[in-house]
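Here the structure comes first, spelled out in structure tokens, and everything after it is commentary.
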2 protein chains.
Amino acid sequence: MRKHPKRSGMQTKSAQLSAYDSLREGIAQRYPLLSDRLRVIAEFALEHPTDMALGTVAEVAARAKVQPSAIVRFAHALGFGGFTELQQVFRSRLVAGAVPSYRERIDGLRRDGSFQDSSNPHELLARFASEGTVSLENLQESVRDADLKRAIGLMGQAHAIYVLGLGGSFPVAAHLTYVLRRLGRRAILLDGLGNVLVDHVLTATRRDVVIAVSFRPYNPETVQLVPEFHARGVPIIAVTDSLLSPIVHGADVVFEIPDMPEAVLRTMVAPMCLVQSLAVGLTIKANEPLTSGATRLASSPR
Amino acid sequence: MRKHPKRSGMQTKSAQLSAYDSLREGIAQRYPLLSDRLRVIAEFALEHPTDMALGTVAEVAARAKVQPSAIVRFAHALGFGGFTELQQVFRSRLVAGAVPSYRERIDGLRRDGSFQDSSNPHELLARFASEGTVSLENLQESVRDADLKRAIGLMGQAHAIYVLGLGGSFPVAAHLTYVLRRLGRRAILLDGLGNVLVDHVLTATRRDVVIAVSFRPYNPETVQLVPEFHARGVPIIAVTDSLLSPIVHGADVVFEIPDMPEAVLRTMVAPMCLVQSLAVGLTIKANEPLTSGATRLASSPR
DNA sequence: TGAGGCATAGAATAATCATTCCATCTGCCT
DNA sequence: AGGCAGATGGAATGATTATTCTATGCCTCA
């Protein structure tokens with residue numbers, strides 16, 4: 001139904017014009033031929049597309065100061081079977097304006113290259129690279145500035161920064177720890193060595209902060225540890241793939257980096273980037289402009 | 001709220017948070033308390049907000065593979081009077097996203113050009129993300145297919161794969177090791193623990209392979225170890241930033257990933273991607289199509 | 001093993017909604 | 001002036017839709 005609007009009339013004149021745009025043109029075109037009441041509706045429709053998209057016939061009629069039946073007649077006059085069909089076009093505008101969403105993005109990605117033949121190593125590389133690019137773009141759009149600032153604020157106040165990331169997320173944790181230390185912060189990497197993970201909980205206080213990184217399927221130890229930190233009152237910054245993740249509960253700031261539906265393999269590219277931004281952002285806020293800190297970092301061994 | 005980090009868990013529904021955002025958080029917060037079916041709906045709602053906004057109860061139920069009544073129960077569980085009320089919130093997201101689409105897009109474009117103001121965390125994030133994107137593009141172009149194939153060939157013949165990456169390159173090494181092990185390869189991460197790095201050289205043979213990752217300024221231990229492996233006749237795959245790098249000598253395959261001149265901080269995004277391609281490419285060549293390996297990987301804890 | 005409490009599915013119901021119909025009105029032509 | 005065609009308002013209708021209800025299944029705990 002929604003997928004195939006099935007408009008009987010009002011076919012798009014040019015393929016590149018959106019259904020909504022061509023509808024606007026169609027309305028403008030027929031405007032001189034319309035009756036008085038229908039003109040009122042036409043004006044209202046062009047001026048309040050959102051109302052047209054979301055309202056009921058009665059609501060739209062009331063707002064346009066006409067009778068409900070006139071609305072239906074208006075739809076008929078444009079070649080639609082009824083108001084419902086007309087409304088679909090207005091709704092398509094809202095959908096198009098909404099955040100692109102991963103799925104659509106990936107669809108575009110798939111269209112670009114012939115990703116099917118993965119037996120060629122170079123195509124595989126191209127595929128991972130593309131997925132990484134998409135995830136980076138998405139990262140920019142999905143991360144809220146306020147969250148970044150709050151996270152950096154928490155890190156700035158913290159006496160020590162505990163970094164928790166196990167399994168596949170460990171590289172992210174390691175990178176964050178590395179950068180933080182290079183920038184002069186007291187960072188503690190919880191690496192699970194010697195099975196003393198729980199002991200760290202006992203040393204952390206509410207004056208510290210925990211940055212927990214975990215993606216589906218969530219590492220059991222990470223899932224277990226986060227609530228224990230929370231119970232001790234340690235502020236928590238969570239980097240995960242969904243608000244439904246087990247490490248979200250109790251977190252003060254949550255960075256949601258959704259998985260790409262068709263990703264062959266989680267790339268960790270976006271989390272790495274985010275985490276790096278946190279560390280460097282912290283330094284910039286606390287100290288001096290970026291260049292100075294970057295210089296120090298660049299001259300350290302890798 | 002922010003002034004006094006009292007942390008009641010989850011983010012406070014401050015005024016600047018949109019109704020939609022706080023709904024998302026509300027759903028996440030209650031998620032653990034929900035029943036099975038309601039959790040399915042919660043996941044669907046967070047993943048398909050547009051469907052929630054525009055669909056009827058029956059349609060949403062069908063797409064989420066649940067009964068219509070469950071949808072209504074879900075709305076009740078969140079404190080709404082019914083699905084209609086819940087839907088209003090999802091619609092508000094569409095409305096909010098639609099109107100500023102033009103104006104904001106232009107604002108965003110203008111922001112793109114001025115990366116100078118790095119004091120804003122979000123701009124910093126955008127900057128890192130952009131650098132990552134560029135480095136990924138460069139990676140695709142600069143890496144030669146023949147090198148990939150030779151590297152994969154060496155790894156395929158190897159009895160064990162030694163992964164050497166210290167300092168800033170350690171996350172790359174950790175990631176490679178993780179993926180290799182998940183794919184059933186014998187991978188040995190040289191992490192420097194216990195100062196027994198040199199001992200690994202004694203166990204490696206010409207039937208093994210070393211993948212060494214190091215970037216300027218090169219980690220001394222890595223620089224020292226690579227020739228020792230070479231002296232024992234162990235094949236070497238080098239991932240570094242220049243052909244003049246100290247780990248290039250004696251390497252059988254060299255992947256050169258140059259630093260970006262204006263980069264604030266090396267992002268490690270490209271090496272991560274390359275290394276992942278090597279691991280997955282190895283599996284594809286040796287075994288079956290990608291999907292199988294990816295499935296196994298996806299079901300492992302992170 | 002059996003009883004009790006929840007969760008669920010599916011049908012029944014109540015509400016809402018789009019659409020149609022018809023009486024009335026308006027303007028126009030003869 | 002009278003008749004006609006189209007337009008309009010408002011109520012009636014029929015369809016769609018949200019919501020409620022109840023029987024059934026499932027799990028838990030005694």
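Note that the coordinates shown come from a computational prediction; the quantities given were computed from them, not determined experimentally. Here is how names work: the chains are called A, B, and so on, in the same order as the sequence lines, proteins then strands, and each is numbered from 1.
Each of A:Arg73 and A:Glu59 was assigned the nucleotide of DNA chain C with the nearest heavy atom; the assignment lying further toward the 5' end belongs to A:Glu59. Residue-to-nucleotide proximity on DNA chain C shows that, of B:Leu33 and B:Pro68, the 5′-proximal contact is made by B:Leu33.
Of the options B:Arg73, B:Glu43, B:His76, a side chain to side chain contact (heavy atoms under 4.5 Å, CB included) to B:Leu38 is made by B:Arg73 and by none of the others.
The closest donor-acceptor contact from the side chain of A:Arg93 to the backbone of A:Tyr20 lies at 3.5 Å or more, if one exists at all.
Side-chain contact between B:Tyr31 and A:Leu243: absent, with no pair of heavy atoms (C-beta onward) separated by less than 4.5 Å.
In this entry the distance linking CG of B:Asp36 with C1' of C:dG5 reads 16 Å, nearest Å.
Using a cut-off of 4.0 Å between Lys/Arg side-chain N and Asp/Glu carboxylate O, B:Glu25 and A:Arg144 are scored as salt-bridged.
Among the atoms of the strands shown, none is found under 4.0 Å from any heavy atom of A:Ala70.
A:His76 has a side-chain polar atom (N or O) that falls below the 4.0 Å cut-off from OP1 or OP2 of C:dT20. Not one side-chain nitrogen or oxygen of B:Thr56 sits closer than 4.0 Å to the OP1 or OP2 atom of D:dT16. Checking the phosphate oxygens (OP1, OP2) of C:dG10, a side-chain nitrogen or oxygen of B:Gln67 falls inside 4.0 Å.
Of all nucleotides listed (D:dT8, C:dT19, D:dT20), C:dT19 comes nearest to the side chain of A:Val72.
Contact annotation: side chain of B:Ser69 to base of C:dG10, donor-acceptor pair present below 3.5 Å.
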